[in-house]
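Report on the structure given below.
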There are 2 protein chains.
Amino acid sequence: MSTTQPGPVRMTRQRVAVADALQGVDEFRSAQQLHEVLRSRGDAVGLATVYRTLQALVDGGDVDVLRTDDGESLYRWCVRREHHHHLVCRECGRTVEIDGPTVEAWAAMVGTEHGFSEIVHTVELWGTCRDCRGA
Amino acid sequence: MSTTQPGPVRMTRQRVAVADALQGVDEFRSAQQLHEVLRSRGDAVGLATVYRTLQALVDGGDVDVLRTDDGESLYRWCVRREHHHHLVCRECGRTVEIDGPTVEAWAAMVGTEHGFSEIVHTVELWGTCRDCRGA
DNA sequence: GTTTGTGCAAATATTTTGCACTTGA
DNA sequence: TCAAGTGCAAAATATTTGCACAAAC
């Protein structure tokens, strides 16, 4: 059996552009939004490349993903790489990174209590932020 | 302003079939799976109708939905109609209904603490159940 | 007999992939 | 150089919708 060799990762204009569009923004953004932002910024990147780059960033642990109720994936370059959750504004995507020590323990306990192994939990909080409330 | 009148709900063979395929099963099932089950059971129902019926059941509060990591919706006729969460087997869909009183309070608190309103939280636990572990 | 419901096919929407062409190292 | 990356268009997925026909009540 042979494992696929990692292979060097090239620093391309597109990858820099996508990473740059995510960094410094504290909102979750969809691939389509990022694609549009880059286009209007005059630094166009193919949509497929945006998706491919985002996936790589997620795999590398630099970016977090979550899915909206209607199945769209949203991406965000989170400050902390450790496990955490999000409080996301349903209007603008603004996000606050949070952690819930109690929740972690509870999830693990409930899981094993029922004979389940390899427990993974998804905890996301959605709300309307102060700024969007007025709108 | 006029609200759309509810209109009577007709009890059709299809609706009975879909409801029946979900009741008595303690697993989350996809629309496609249900469609197939009904077909092989000799009680075929159009896929579009399966989707429409499931949506109606969800709206009526009889059925719970959740989305897998790869964006597929899973449906389950839950025992309790009140708010609760799920511990789902990622292999077979078997589910245990759970509640986390602590989580509820925590979610609400964290939300308002950051100035967000209309907080909604999604908490789902995924694991591998005892029976699927052997496989 | 109406009006609601169904089936099918076509339309949506998001994301993925094949392939010829570019480009970074 | 030349493997890795990109763009575009086509494919794949899951779900929704328009419309003619069927069937509850």
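Chain naming here is simple, since letters A, B, ... match the order of the sequence lines and numbering starts at 1 in each.
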Under 4.0 angstrom between A:Tyr51 side-chain N/O and C:dT15 OP1 or OP2: yes
Whole-Å gap separating P (C:dT16) and CD (B:Glu72): 15 Å
Between D:dG5 (C1') and A:Met11 (CE): distance, integer Å: 12 Å
Members of residues 26-37 of chain A that approach DNA chain D, where some heavy atom sits under 4.0 Å away: none
B:Val123 vs A:Trp106 side-chain heavy atoms within contact, under 4.5 Å: yes
Short N/O separations, protein against nucleotides 10-12 of chain D, under 3.5 angstrom:
none

Carboxylate-amine/guanidinium contact B:Arg41 B:Asp20, below 4.0 Å: yes
Any side-chain heavy-atom pair of A:Val120 and B:Arg90 under 4.5 Å: yes
Degree of bending in the helix from C:dG1-D:dC25 to C:dA25-D:dT1 once both end axes are built from five pairs, to 10°: 30°
Filtered N/O pairs between nucleotides 6-10 of chain C and protein, under 3.5 Å:
residue	atom	partner	partner atom	Å
C:dT6	OP1	B:Thr12	OG1	2.7
C:dT6	O3'	B:Gln14	NE2	2.9
C:dG7	OP1	B:Gln14	NE2	3.3
C:dG7	OP2	B:Gly46	N	2.9
C:dG7	OP2	B:Thr49	OG1	2.6
C:dG7	N7	B:Arg52	NH2	2.8

Atom pair distance, as rounded to whole Å: CG in A:Asp43 and C1' in D:dG7: 15 Å
Spacing of A:Asp70 atom CG relative to C:dT14 atom P, expressed in whole Å: 8 Å
Spacing between A:Gln55 atom CD and D:dT6 atom P, to the nearest angstrom: 14 Å
Side chain to side chain, B:His84 and B:Ile98, heavy atoms closer than 4.5 Å: no
A:Met11 atom CE, neighbour heavy-atom count above 12 within 6.0 Å: no
Proximity of B:His121 and A:His85 rings by center, below 6.0 Å: no
Separation of D:dG7 P from A:Leu38 CG (nearest whole Å): 10 Å
Flag for B:Arg133-A:Ser117: side-chain donor and acceptor within less than 3.5 Å: yes
Atom-pair distance (CG on A:Leu66; C1' on C:dT14), nearest Å: 16 Å
Shortest non-hydrogen contact between B:Ala17 and B:Asp43, atoms and distance: CB-OD2, 3.4 Å
Where at least one partner belongs to residues 49-68 of chain B, residue pairs that pass salt bridge (charged side-chain N to carboxylate O under 4.0 Å, His left out), sequence neighbours excluded: B:Asp62-B:Arg81
Shared hydrophobic cluster, A:Val65 / A:Leu57 (ILVMFWY, side-chain heavy atoms < 4.5 Å): yes
ring-ring contact (aromatic ring centres under 6.0 Å, His included) partners of B:His35, counting only residues at least two apart: none
Nearest-Å distance for atom pair CG/C1', residues A:Asp69 and C:dT14: 16 Å
A:Thr128 side chain near B:Phe116 side chain, heavy-atom distance below 4.5 Å: no
OP1 or OP2 of C:dT14 under 4.0 Å from side-chain N/O of A:Ser73: no
Distance-only donor-acceptor test, A:Arg10 side-chain atoms vs C:dA25 base atoms, 3.5 Å: no
Pair B:Gln32, B:Tyr51: side-chain N/O donor-acceptor within cut-off below 3.5 Å: yes
A:Arg76/A:Asp26 ion pair, N-O < 4.0 Å: no
